[in-house]
Amino acid sequence: MSSGEKIRVEEERLIVPDEPIIPYIEGDGIGPDIMRASMMVWNAAVERAYGGKRKISWKEILAGEKATAQLGQPLPQETIDAIKEYIVAIKGPLTTPVAGGYRSLNVSMRKILDLYACVRPVRYFQGVPSPVRHPEKLNIVIFRENTEDVYAGIEYKEGSEEVAKLRGFLEDQLGAKVRKDSGIGIKPISRFATQRLVRKAIRYAADNGRKSVTFVHKGNIMKFTEGAFKEWGYELALKEFRDKVITEDELWDQVKGPDGVTPMTKPGAFAHLRGGKEAGNPGERIVVKDRIADQMFQQVLTRPNEYDVIALPNLNGDYLSDACAAQVGGLGIAPGANIGDWVALFEPTHGSAPKYRGMDKVNPSSLILSGVMMLRYLGWVEAAQLIEVALEKTIMDRKVTYDLARQMEGVSPIKTSEFGQEIVRRMDS
């Protein structure tokens, strides 16, 4: 790092200098390969979009295997401090040891930095092989609560002293019956965490011209956790965004006939429920609605264009985000970020794939597109769009890495580094 200034927050705004210092974690396994290719793309896009007037000053920080080798610990305090200090950072995938070693560094960083919103946009790029007929109809942004639910880590092993105590309390004090050979986990969902997530989702929808926000939950069964998530979501939406939102129920009421039944033959009668303007005329207001989780899994397949921004608890969000990514080509093309009030850590959604370490083989698109999210977060929309257009052209020209090439007839794969070069070449064209 030779120069640059810190990003800062002033008067509830992110202040981004023309040469921001952005920390990065190279990552484990395939991390170095995809980070090199991605940086090539990000730097080229910024240079071309702004004629050299803007650039990123990169600052490497350590986590995972590289940190362990150099500093003796997988997540040094200086890494956490740097992300807090510089506000925006990006990372490659980190390996989580199986059945031993340290806990997930990804989860640890989310908790330590209070990065409560896992944000994952899911959209289709032309030319990507997909298992569905119309993947282009899915264009959503998922806001997954990152700190609570069964991921809170309140879990006790079968046969342990803790389980015996907890089981005794549940049976003696609350009348709940739990089998003796059970492991027990606790699922906390709070009003506070729910509403700060929903607030961020609605603000995103308003700032980005999105037409609806859907709360996804299993409140028909878990009434006081996931059911509360839905109720608290509506409460926040109507209290803080009353001038910007309209509920789906309110729209239904607007098109009911004198007999209380919505006329099926009325032109555009249901278009407004998808955020349109034909019936009920909600104008520019965002439609707020909710869906049961299992129903939603069907709807993103059968009616994907009816959804826009989706807010959900942790476990539902984990499932749904991967299921949606599968429709548009898989995790290799799916970006992600973990964002708090201001601090944001951008990262690919896939793992470190250590068997491909150093082979210059895998698809860097998830990390590249996580960088696109980062550029948009900085307000550098022109550079972000330049990458998206060039990446799509590259795929349509069938210049792809092995994961996509094996799904395309008659296509020979190119290297990770070559894929990055092809994207940069199409920026110029």
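Keep in mind the model is a prediction, meaning the values are calculated, not measured.
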Would you name the heavy atoms of [X] and [Y] that are closest together and state the gap between them?
X: Gly127; Y: Met408; answer: O-CE, 3.1 Å
X: Pro93; Y: Gly31; answer: CD-CA, 4.1 Å
X: Ile368; Y: Ile423; answer: CD1-CD1, 3.8 Å
X: Gly92; Y: Met35; answer: N-CE, 3.6 Å
X: Glu422; Y: Arg426; answer: OE1-NH1, 2.6 Å
X: Phe346; Y: Val88; answer: CE1-CG1, 3.9 Å

* **Residue pair Leu115, Leu345: steps toward the side-chain contact (heavy atoms from CB on, under 4.5 Å) verdict** => CA-CA 8 Å; Leu115 305 177; Leu345 179 61; 3.8 Å; yes
Measuring from atom [atom1] of [X] to atom [atom2] of [Y], what distance do you get when rounded to the nearest 0.5 angstrom?
X: Ser365; Y: Ile34; atom1: OG; atom2: CD1; value: 10.0 Å
X: Ile21; Y: Glu85; atom1: CD1; atom2: CD; value: 8.0 Å
X: Trp380; Y: Leu386; atom1: CH2; atom2: CG; value: 13.5 Å
X: Met109; Y: Ile25; atom1: CE; atom2: CD1; value: 4.0 Å
X: Leu320; Y: Tyr307; atom1: CG; atom2: OH; value: 10.5 Å
X: Ser190; Y: Glu148; atom1: OG; atom2: CD; value: 3.5 Å

Spell out, as yes or no, whether a donor-acceptor pair under 3.5 Å connects the side chain of [X] to the backbone of [Y].
X: Ser108; Y: Ser104; answer: yes
X: Ser130; Y: Val132; answer: yes
X: Asn305; Y: Lys137; answer: no
X: Thr247; Y: Val288; answer: no
X: Ser38; Y: Leu367; answer: no
X: Ser370; Y: Glu347; answer: yes
X: Ser366; Y: Thr349; answer: yes
X: Ser182; Y: Val178; answer: no
X: Tyr124; Y: Val128; answer: yes
X: Asn208; Y: Tyr204; answer: yes

* Taking only residues at least two apart or on different chains, which pairs with a member in residues 236-246 satisfy side-chain hydrogen bond (donor to acceptor under 3.5 Å, both in side chains)? -> Arg199-Glu240, Arg242-Glu250
* So which pairs with a foot in residues 386-395 pass side-chain hydrogen bond (donor to acceptor under 3.5 Å, both in side chains), sequence neighbours left out? -> Arg376-Glu388
Please examine the side chains of [Y] and [X], heavy atoms only from C-beta on, and report whether any two atoms are closer than 4.5 Å.
X: Met40; Y: Val424; answer: yes
X: Ile333; Y: Val328; answer: yes
X: Thr147; Y: Arg110; answer: no
X: Thr401; Y: Pro413; answer: no
X: Glu145; Y: Thr194; answer: no
X: Ile112; Y: Leu75; answer: yes
X: Tyr24; Y: Ile61; answer: no
X: Val163; Y: Glu158; answer: no

Short N-O contact, [X] and [Y], less than 4.0 angstrom:
X: Glu235; Y: Arg191; value: yes
X: Lys66; Y: Glu60; value: yes
X: Lys180; Y: Glu171; value: no
X: Lys84; Y: Asp114; value: no
X: Arg303; Y: Glu306; value: yes
X: Glu65; Y: Arg357; value: yes
X: Lys211; Y: Asp308; value: no

* To do: Flag yes if more than 12 heavy atoms outside Gln77 fall under 6.0 Å of its CD atom; otherwise flag no.
  => yes
Can [X] be said to sit on top of [Y]'s aromatic six-ring, NZ or CZ under 6.0 Å from centre and within 45° of the ring axis?
X: Arg123; Y: Phe125; result: yes
X: Arg144; Y: Tyr151; result: yes
X: Lys361; Y: Tyr402; result: yes
X: Lys289; Y: Tyr234; result: no

Indicate whether any N or O donor in one side chain lies under 3.5 Å from an N or O acceptor in the other, for [X] and [Y].
X: Asp290; Y: His217; answer: yes
X: Asn106; Y: Lys91; answer: yes
X: Tyr116; Y: Asp341; answer: yes

* Below 6.0 angstrom between ring centroids: does that apply to Trp42 and Trp58? -> yes
* Under the side-chain contact (heavy atoms from CB on, under 4.5 Å) rule, what do Met296 and Ile310 come out as? Steps first, then yes or no, please. => CA-CA 10 Å; Met296 189 65 179; Ile310 299 173; 3.3 Å; yes
* Pair Phe215-Leu312, side-chain contact (heavy atoms from CB on, under 4.5 Å): steps then yes or no -> CA-CA 6 Å; Phe215 308 136; Leu312 7 56; over 6 Å; no
* To do: In sequence, state the C-alpha distance, the side-chain angles, and the governing distance for Val400 and Val411, and then conclude on side-chain contact (heavy atoms from CB on, under 4.5 Å).
  => CA-CA 8 Å; Val400 295; Val411 174; 3.9 Å; yes
* Residue pairs passing the salt bridge (charged side-chain N to carboxylate O under 4.0 Å, His left out) test where at least one lies in residues 321-335, sequence neighbours excluded -> Arg120-Asp322
* Knowing that exactly one of Lys187, Lys218, Arg291 qualifies, which makes a salt bridge (charged side-chain N to carboxylate O under 4.0 Å, His left out) with Glu226? ->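 That would be Lys187; it is the only one of Lys187, Lys218, Arg291 passing the salt bridge (charged side-chain N to carboxylate O under 4.0 Å, His left out) with Glu226.
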* To do: For side chain to side chain donor-acceptor pair (under 3.5 Å), just list the numbers for Thr416 and Asp33, CA-CA rounded to whole Å, side-chain angles, deciding distance to a tenth of an Å, and then say yes or no.
  => CA-CA 7 Å; Thr416 306; Asp33 285 348; 5.3 Å; no
